[in-house]
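Following: one structure in structure tokens, then a few remarks.
Counting starts at 1 for both ligands and their atoms, following the listed order. Any value given below was found using the heavy atoms of this structure, including those in side chains, with hydrogens, waters and symmetry copies removed.
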Amino acid sequence: MAATTTSEPGSFHVPVMVEQVVAGLNIRAGGRYLDATAGGGGHTDALLAHLDDRGRVVACDRDPEAIARLEERFRRDLRVTVYRVNFAGIGGDPIVGRFAPYDGVLFDFGVSSRQIDDPQRGFSFMHDGPLDMRMDRTQPLTAADVVNDYPEAELARVLREYGEQPRARRIAAEIVRARPLATTAGLAAVIERAAAGRERTKTLARVFQALRIEVNGELDAIDRALRAAYDLLAANGRLVALSYHSLEDRRVKRFLREMAGEEEDRWLALPTTGERAVRMRALPRSAVKPGAEEIERNPRARSARLRIGEKLAR
Ligand SMILES: C[S@@+](CC[C@H](N)C(=O)[O-])C[C@H]1O[C@@H](n2cnc3c(N)ncnc32)[C@H](O)[C@@H]1O
């Protein structure tokens, strides 16, 4: 979840760790880059500043509102192709594939400030609004469906797995008792009752995170997208991923370890005998965090973790 500052009212989203992202992508002036989560276009803009006329950025998002904003922002820049796609499907997508191989692929996971701060999107327990939470409002499943229709055990599983919520069963039981729920404020009141005053904000944040991940199928999408990004990259191309919670970061970390041949490979179904292939190297090995000055300026950057992988020539 990232980034806007109170000092910039009306801004769509303040991009996180821009310098580190640009450095991580090791930009070539005439290179091709895929911004798979372009949001308000802040990172796209930073990439463009390092490209000459031969460079290209394919700026994608699954949210039609973000796409409208991106089209408006970059309509005069012939180097940019704005494209609505769920990054789960970039492997084999004809538009994304047309510009492959890429010199860099960027993922900035989670939701934008515009999405979080709009009460009508239903992402935040800080604002009252409908229980929606869809990044793409053309999809049918909403948070209201999960909250009101999932069996109690299934709801508890979502809260435990995606919210790492120790009181998942108790909260699920309270939610089921309070059905039907229509608003974020109504849900927040139930969660607060179930949490009985313990770690109020943390509990609310985790339950809302869990529902958001479920509604948008976020973790499966990340697994599929990382794998596809590898195929879309040129040799020596860079994968840069910004995560905002441990469930996201763990997936990127595990993917890079697998591609570095350090862990068993779940994606490529390689023969189990013989040496593990080394396809990428992590640069550096551990995640990079934002500096204190950035966190001061933009508190939503505080949980960001950046990982960089380089595809090795075969
Ligand atoms: C943190 S924001 C990105 C902000 C952007 N880097 C910027 O500078 O403004 C994350 C964006 O990713 C989009 N997103 C999340 N999951 C996605 C998916 N599976 N496919 C495509 N876009 C996705 C969200 O709609 C949101 O706009």
Side-chain angles (χ1 to χ4, degrees), residues 1-5 8 10-22 24-25 33-49 57-74 80 82-91 93 95-96 104-118 121-124 132-139 141 162 209 212-229 232 240-245 247-249 251-252 290 294 298 300-306:
M1 239 162 294
T4 197
T5 56
E8 295 186 51
S11 88
F12 197 99
H13 182 89
V14 176
V16 170
M17 297 181 76
V18 174
E19 274 174 35
Q20 297 92 326
V21 165
V22 166
L25 287 167
Y33 295 88
L34 174 63
D35 183 348
T37 50
H43 285 120
T44 298
D45 200 44
L47 304 195
L48 289 167
V57 179
V58 179
C60 302
D61 206 287
R62 70 188 292 187
D63 182 346
E65 192 192 326
I67 291 296
R69 153 82 178 194
L70 291 163
E71 280 170 348
E72 170 64 23
R73 184 168 183 178
F74 297 113
V80 183
V82 174
Y83 181 46
R84 178 155 85 90
V85 67
N86 181 337
F87 59 57
I90 55 175
D93 182 278
I95 305 289
V96 174
V105 177
L106 171 64
F107 294 103
D108 182 13
F109 295 127
V111 276
S112 67
S113 296
R114 171 58 68 98
Q115 290 165 328
I116 301 171
D117 293 340
D118 179 351
R121 305 294 300 259
F123 283 109
S124 172
D132 190 320
M133 298 196 193
R134 290 171 298 175
M135 288 184 193
D136 171 359
R137 284 198 270 190
T138 65
Q139 80 167 38
L141 184 74
Y162 301 155
Q209 170 187 298
R212 196 195 90 196
I213 289 174
E214 174 68 12
V215 168
N216 296 290
E218 290 180 42
L219 301 181
D220 285 348
I222 289 175
D223 286 342
R224 291 177 59 188
L226 291 171
R227 177 70 189 88
L232 289 165
V240 172
L242 269 168
S243 303
Y244 296 91
H245 56 77
L247 294 172
E248 291 170 346
D249 184 52
R251 288 182 134 74
V252 182
E294 177 166 5
N298 179 12
R300 285 182 180 171
R302 69 187 175 282
S303 53
R305 297 291 176 270
L306 180 81

Backbone, side chain, both or neither: what part of Phe12 comes under 4.0 angstrom of ligand 1, heavy atoms only? neither
Heavy-atom pair of closest approach, residues Arg300 and Ser113: NH1-OG, 3.1 Å
Under a 4.0 Å heavy-atom limit, does Glu218 contact ligand 1 with its side chain, its backbone, both, or neither? neither
Within a distance under 4.0 Å of any heavy atom of Gly41, pick out the atoms of ligand 1 and give their elements. 7 (C), 9 (O)
Using side chain to side chain contact (heavy atoms under 4.5 Å, CB included) as the criterion, point out the one residue from Asp35, Leu47, Asp45, Leu48 that pairs with Val80. Leu48
Are the side chains of Val16 and Glu294 in touch, meaning some heavy atoms are under 4.5 Å apart? yes
Which atoms of ligand 1 have any heavy atom of Gly42 under 4.0 Å away? 7 (C), 8 (O), 9 (O)
Ignoring angles and geometry beyond distance, decide whether Phe87 reaches within less than 3.5 Å of ligand 1 through its nitrogen or oxygen atoms. yes
Proximity flag Arg114 to ligand 1, non-hydrogen atoms under 4.0 Å: no
Is there side-chain contact between His245 and Ile213, with at least one heavy-atom pair below 4.5 Å? yes
Let me know which of Arg137, Arg84, Arg121 forms a salt bridge (Lys or Arg N to Asp or Glu O under 4.0 Å) with Asp63. Arg121
Between Tyr83 and Ile67, is a side chain to side chain contact (heavy atoms under 4.5 Å, CB included) present by the stated rule, with each step listed? CA-CA 7 Å; Tyr83 181 46; Ile67 291 296; 5.9 Å; no
Taking heavy atoms and a distance under 4.0 Å, where does Val111 meet ligand 1: side chain, backbone, both or neither? backbone
Check ligand 1 against Thr37 and write out every atom of the ligand that is under 4.0 Å from a heavy-atom position of the residue. 3 (C), 4 (C), 5 (C), 6 (N), 11 (C), 12 (O)
Would you say Arg212 and Tyr162 make side-chain contact, with heavy atoms under 4.5 Å? no
In terms of atom number and element, which parts of ligand 1 are under 4.0 angstrom from non-hydrogen atoms of Asp63? 25 (O)
Of the choices Asp35, Val21, Asp61, which has the non-hydrogen atom that lies closest to atom 26 (C) of ligand 1? Asp61
Can you list the ligand 1 atoms lying under 4.0 Å from a non-hydrogen atom of Phe109? 1 (C)
Taking atom 5 (C) of ligand 1 as the point of reference, which of Ala88, Ser113, Ala38, Pro15 owns the nearest heavy atom? Ala38
Show me which atoms of ligand 1 lie under 4.0 Å from any heavy atom of Gly110. 10 (C), 11 (C), 12 (O), 15 (C), 24 (C), 26 (C)
Hey, is ligand 1 close enough to Asn86 that some N/O pair sits below 3.5 Å? yes
Between Phe12 and Ala66, the two heavy atoms sitting closest are CZ-CA, 4.0 Å
Show the atoms of ligand 1 that are less than 4.0 angstrom away from any heavy atom in Gly40. 7 (C), 9 (O)
Contact check, side chains of Leu106 and Tyr33, non-hydrogen atoms, under 4.5 Å: no
Could you tell me if any non-hydrogen atom of Tyr244 lies under 4.0 Å from any atom of ligand 1? no
So, is Asp108 polar-close to ligand 1, with some N/O to N/O distance under 3.5 Å? yes
Side chain, backbone, both or neither: Val85 near ligand 1, heavy atoms under 4.0 Å: backbone
Got an N/O contact under 3.5 Å between His43 and ligand 1? yes
The answer for which part of His13 has a heavy atom under 4.0 Å from ligand 1 is side chain
Should Val252 and Phe109 be marked as a side chain to side chain contact (heavy atoms under 4.5 Å, CB included) after you check the CA-CA gap, both sets of side-chain angles, and the distance that decides it? CA-CA 11 Å; Val252 182; Phe109 295 127; 3.8 Å; yes
Might you work through the side chain to side chain contact (heavy atoms under 4.5 Å, CB included) test for Glu248 and Arg305, ending with a clear yes or no? CA-CA 9 Å; Glu248 291 170 346; Arg305 297 291 176 270; over 6 Å; no
Do the side chains of Asn86 and Gln139 get nearer than 4.5 Å, heavy atoms only? no
Check this for me: does any side-chain nitrogen of one of Asp136 and Arg134 sit under 4.0 Å from a carboxylate oxygen of the other? no
With a 4.0 Å cut-off on heavy atoms, is Ala36 in contact with ligand 1? yes
